[in-house]
Amino acid sequence: MPASLSFEEEVFGPLVPGRECGGCTACCFEITIDDPKLAKPPRETCVHCTANGCSIYAARPQDCRTWYCLWRRVADLPDHLSPDKSGLLTSVVENPAAENPFARLYIIVQWLDGRPIAKSDAADELLAAMRRYALPVWVGSGDRMALHFPRQEIALHLMHGTPAPAAIAREVEAWRRRLPRRSAPPV
C-alpha cells in the first residue's frame, strides 16, 4: 500500500525532478525545528548552517528532511524565483487552532532580508503563481504579515460572518466552503 501523501504533495505535487537546493540556506534561517536535539526558533540561523549549506545534511533532523519550499515543488516557478536568487521564501503553513480563518492553512511569501513589505517584480510573480492554489496567500517580512489573497472585500465578510453583496456572494461562499474550520487549541 502506498504511503499517504503530505498536504504539499497533494496540492503542489512531488518535488520537481532535478531541482535542488544547491547553496540556498533560506530554510536554515526561516523555519522552526522542534527536534529535541536541535531546537531552533524561526528566523534564527541554524548552528549547522555554513556557507556551503548544512554541515549535518546526511544526519539532519526529520523536520529538515521533510520540509521543502514551494520553489522545490512548483515546476513552473522559474529559476530566478529560488529563495537564494529572489530573496523570497514561499512555503505552506498549517496552524489549525488559529482564530483567523486565513491563518489556519496558508501560503506565505516571506522576505528573507527583513525589508518592509514592499512590491517587487519577483514578489509579484510569486504571488500571482500562488493565487491559483485557492489558499490564502500572505506576504511576510520579519514578524509582520499582510494578507494578499483573497482581496480585502472578500476577507472582511469571511472574518465577520456577514452576508456579502450579490456581486461577490459566490466568491465569498466558495471561500467559506474551502477554509478549514478551527480545531480546538491544545490543552
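If you're wondering where the values come from, they're calculated on a predicted model, not measured in any experiment.
No donor-acceptor pair closer than 3.5 Å links the side chain of Asp35 to the backbone N or O of Pro61. Listed for the Glu173 side chain is no donor-acceptor partner under 3.5 Å among the backbone atoms of Arg170. For the pair His157 (side chain) and Pro163 (backbone), a donor-acceptor distance under 3.5 Å is present. The backbone N or O of Trp71 lies less than 3.5 Å from a partner atom in the side chain of Arg19, making a donor-acceptor pair. A donor-acceptor pair under 3.5 Å links the side-chain atoms of Ser120 to the main chain of Ala123, judged by distance alone.
Surrounding CZ of Arg65 are more than 12 heavy atoms belonging to other residues, nucleotides or ligands, all under 6.0 Å away. Other residues, nucleotides and ligands place no more than 12 heavy atoms under 6.0 Å from the CD atom of Glu99. Atom CG of Asp121 is surrounded by 12 or fewer heavy atoms from other residues, nucleotides or ligands within 6.0 Å.
When all heavy atoms of Ala169 and Ala164 are compared, the closest pair comes out as CA-CB, 3.9 Å. When every heavy atom of Cys49 is checked against every heavy atom of Cys28, the shortest pair comes out as SG-CB, 3.7 Å.
With a 4.5 Å cut-off on side-chain heavy atoms, Arg132 and Asp76 count as touching. You'll find the side chain of Lys40 stays beyond 4.5 Å of the side chain of Thr32, heavy atoms only. In this structure the side chain of Arg131 reaches within 4.5 angstrom of the side chain of His148, judged on heavy atoms. Using a 4.5 Å cut-off on side-chain heavy atoms (C-beta onward), Leu89 and Cys69 make contact. The shortest distance between side-chain heavy atoms of Trp67 and Ser91 falls below 4.5 Å. Side-chain atoms of Asp79 and Lys85, non-hydrogen and from C-beta on, do get closer than 4.5 Å to each other. Side-chain contact between Ile33 and Cys64 is present, with at least one heavy-atom pair separated by less than 4.5 Å.
With rounding to the nearest 0.5 Å, the separation of CG in Asp34 from CG in Asp63 is 5.5 Å. One distance of note links CD1 of Ile154 with CZ of Arg176; it measures 10.0 Å at 0.5 Å rounding. Taken to the nearest 0.5 Å, the CZ atom of Arg43 stands 7.0 Å off from the CG atom of Leu112. Between atom CG of residue Asn95 and atom CZ of residue Phe102 there is a gap of 15.0 Å, rounded to the nearest 0.5 Å.
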After noting the C-alpha distance and the side-chain angles of Tyr68 and Arg73, does the key distance pass the side chain to side chain contact (heavy atoms under 4.5 Å, CB included) rule? CA-CA 8 Å; Tyr68 296 98; Arg73 288 201 186 278; 3.8 Å; yes
Test log, rule side chain to side chain contact (heavy atoms under 4.5 Å, CB included), inputs Leu38 and Cys46
CA-CA 9 Å; Leu38 178 66; Cys46 176; 3.8 Å; yes
Exercise. Evaluate the side chain to side chain contact (heavy atoms under 4.5 Å, CB included) criterion for residues Ser6 and Thr66: first the C-alpha distance (whole Å), next the side-chain angles of each, then the deciding distance (0.1 Å), finally the verdict.
Key: CA-CA 10 Å; Ser6 70; Thr66 58; over 6 Å; no
Worked check of side chain to side chain contact (heavy atoms under 4.5 Å, CB included) between Val139 and Leu88
CA-CA 10 Å; Val139 178; Leu88 296 159; over 6 Å; no
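A single hydrophobic cluster is not seen to contain both Leu147 and Leu156; linkage of ILVMFWY side chains at heavy-atom distances under 4.5 Å, directly or through other members, places them apart. Note on Met145 and Leu158: same hydrophobic cluster, where clusters join Ile, Leu, Val, Met, Phe, Trp and Tyr whose side-chain heavy atoms are under 4.5 Å apart, directly or indirectly. With hydrophobic clusters built from ILVMFWY side chains whose heavy atoms lie under 4.5 angstrom apart, Val16 does not share a cluster with Val92. Cluster annotation: Leu70 is not connected to Phe29 through the hydrophobic network of ILVMFWY side chains, with a link wherever side-chain heavy atoms come within less than 4.5 Å. At a threshold of 4.5 Å between side-chain heavy atoms, the hydrophobic network of Ile, Leu, Val, Met, Phe, Trp and Tyr places Phe12 and Leu77 in one connected group.
In this structure, Arg178 is positioned above the aromatic face of Trp175, its NZ or CZ under 6.0 Å from the six-membered ring centre and within 45° of the axis. Both tests pass for Arg60 against the ring of Tyr57: distance under 6.0 Å to the centre and angle within 45° of the axis.
No salt bridge links Arg104 with Glu94; every basic N to acidic carboxylate O contact stays at or beyond 4.0 Å.
Checking Thr50 against Asn52 by side-chain atom types alone, no donor-acceptor pair falls below 3.5 Å.
Each of Leu127, Val93, Leu126, Leu135 was compared with Ile107 under the side-chain contact (heavy atoms from CB on, under 4.5 Å) criterion, and only Leu135 meets it.
Evaluation of the salt bridge (charged side-chain N to carboxylate O under 4.0 Å, His left out) test over residues 145-154, restricted to residues two or more places apart or in two chains, returns Arg151-Glu153, Arg151-Glu171.
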